[in-house]
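Throughout, residue positions are numbered sequentially from 1 according to the sequence presented. In listed order, ligands and their atoms are each counted from 1. Values below: every heavy atom of this structure, side chains too, minus hydrogens, waters and symmetry copies.
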Amino acid sequence: MQDTPLTIPQITEKPQVVALFSQGLDSILAIKIIQQQGLKVQAIKFITPFFGYEIKGCEAKFCDQVKSAYAIDLSIIDLTDDYLRMLAAPQYGYGKNFNPCLDCKIMMLSQARILAETWQAASIVTGEVVGQRPFSQRRDTMRRIEKLSLTEGLLLRPLSAKLLAPTKAEELGLIDREQLFDFSGRGRKPQIALAEKMKITNYPTPAGGCLLTDPGFAKRVKTLYQEGIPTSTDLNLLKFGRFYPLEGTSNFIIVGRHRDDNQQLLKIADHNYFILHLAEMAGPVAILKGDKQHLPLAAEKLRRHSKAKNLSSVKVEWRKGSKSGNLTIETTLAG
Ligand code: SF4
């Protein structure tokens, strides 16, 4: 599954334990439990356009914040290229939406295993809790994921460890099993009580999570996969505005709904996209991924979502990289 060689983060001291950091309380607790046993932990946060991408471009700042808030050493790894390829045909299929949960977890754990091998770390830690999520944290699924990611005996879930078979690090006495926990189920009370006991107060509330589990967004992403693998820029544009797929293709038009959408769309769209706006009055921005022949349709979508919607004739300007031009939309076109 790993096509692109993994970038090994630069670290100053080899860790004894590698941990997956999700930003949520459970992963913070799992890391703190292991740190309290005197072990050096290196946390890793994987990002893709579907989760954690807000960190892109400010990785160092984010890691500094995590270090000062929780005393956790963190590195960020962008999995986008491999992830986008995997999403085209996940070996174990999709969940309810376009979420390839099994392949996703296997990919992250396989990467963590490579890091653990590189650093000769004894264990990989996650904040998973048995039975917390209906599918991916069921005991049988957890075991299956371990097998498929080749992390059997290496993968330790400190919050539920006492309900699971001992890992090698526990058997060797490197990690004291007695100081691990037996949490299970969806309730949050034990974690909150443990956080209080450990004086962790400023933990983040559960975030929006993975965009691939959002039915509306997942549908947009699926459209883009009709003709190959989209780019991360395509996917980032999909997060804003009204989306109009160009039927039978992976091309699309997006029209900003408000100022924030417009600003984001302008920030993201590069020379591969047409950018349209009204020539004679303020209004939304439209982005077109497609051929020049689709410009009238994009201009029409733009007109419909602007103050010019009732005008009989509307001039729209466009640019794409160094090229630019304009066109006039007559209301008869609107239909
Ligand atoms: S919800 Fe998203 S991030 Fe979580 S396992 Fe599934 S695909 Fe991966």
Side-chain angles (χ1 to χ4, degrees), residues 1-4 6 18-28 30 43-56 59 62 74-115 124-151 155 157 159-160 186 188 191 204-225 229-230 232 234-236 238-239:
M1 197 179 282
Q2 168 73 29
D3 297 326
T4 316
L6 179 63
V18 172
L20 298 194
F21 182 77
S22 70
Q23 240 170 299
L25 175 61
D26 293 358
S27 70
I28 296 171
I44 304 293
K45 179 161 180 61
F46 293 115
I47 62 169
T48 74
F50 312 112
F51 46 85
Y53 221 60
E54 62 286 352
I55 300 168
K56 186 83 182 160
E59 290 88 343
F62 182 79
L74 178 68
S75 294
I76 309 293
I77 298 183
D78 185 350
L79 283 183
T80 298
D81 291 347
D82 282 338
Y83 201 95
L84 295 190
R85 271 195 295 273
M86 174 273 281
L87 191 54
Q91 203 175 342
Y92 303 100
Y94 302 99
K96 212 160 110 195
N97 297 300
F98 204 52
N99 47 316
C101 289
L102 266 185
D103 291 78
C104 172
K105 284 187 174 273
I106 293 165
M107 177 181 273
M108 290 195 224
L109 287 171
S110 303
Q111 307 268 19
R113 175 177 46 77
I114 296 170
L115 293 176
I124 298 170
V125 159
T126 72
E128 290 166 296
V129 171
V130 172
Q132 189 170 74
R133 301 205 196 283
F135 174 67
S136 65
Q137 293 185 16
R138 252 173 28 199
R139 260 177 225 250
D140 56 336
T141 316
M142 285 166 98
R143 269 199 301 272
R144 191 169 170 217
I145 292 169
E146 266 173 44
K147 271 199 183 130
L148 294 169
S149 60
L150 308 180
T151 56
L155 186 53
R157 289 93 168 191
L159 296 174
S160 290
R186 308 191 75 163
R188 306 287 304 149
Q191 285 95 315
T205 44
C210 171
L211 285 171
L212 290 170
T213 60
D214 174 312
F217 186 79
K219 208 171 146 200
R220 291 182 177 196
V221 176
K222 209 171 163 183
T223 310
L224 262 59
Y225 269 91
I229 297 167
S232 57
D234 288 341
L235 293 162
N236 287 326
L238 290 200
K239 296 172 188 172

Can you see which heavy atom on L74 is nearest to which on F62, and at what distance?
CD2-CE2, 3.5 Å

Using side-chain heavy atoms (C-beta onward) and a distance below 4.5 Å, is L238 in contact with K219?
no

Among all protein non-hydrogen atoms, which one is nearest to atom 4 (Fe) of ligand 1, and what is the separation to 0.1 Å?
C210 CB, 4.4 Å

Atom indices of ligand 1 within 4.0 angstrom of T213 heavy atoms, with elements
1 (S)

As an exercise, identify every atom of ligand 1 less than 4.0 angstrom from a heavy atom of C104.
3 (S), 5 (S), 7 (S), 8 (Fe)

Using the six-membered ring wherever Trp is involved, compare the ring planes of F51 and Y83 and label them parallel, tilted or perpendicular (cut-offs 30° and 60°).
perpendicular

Numbering as shown, the atoms of ligand 1 that approach P100 to under 4.0 Å (heavy-atom distance)
7 (S)

Identify whether the distance between the nearest side-chain nitrogen and carboxylate oxygen of E146 and R157 falls below 4.0 Å.
yes

For atom 3 (S) of ligand 1, which candidate among F51, F50, Y83 provides the closest heavy atom?
F51

Does R220 pair with D234 as a salt bridge, N-O distance under 4.0 Å?
no

Residue, atom and distance of the protein heavy atom nearest atom 6 (Fe) of ligand 1 read C101 SG, 2.3 Å

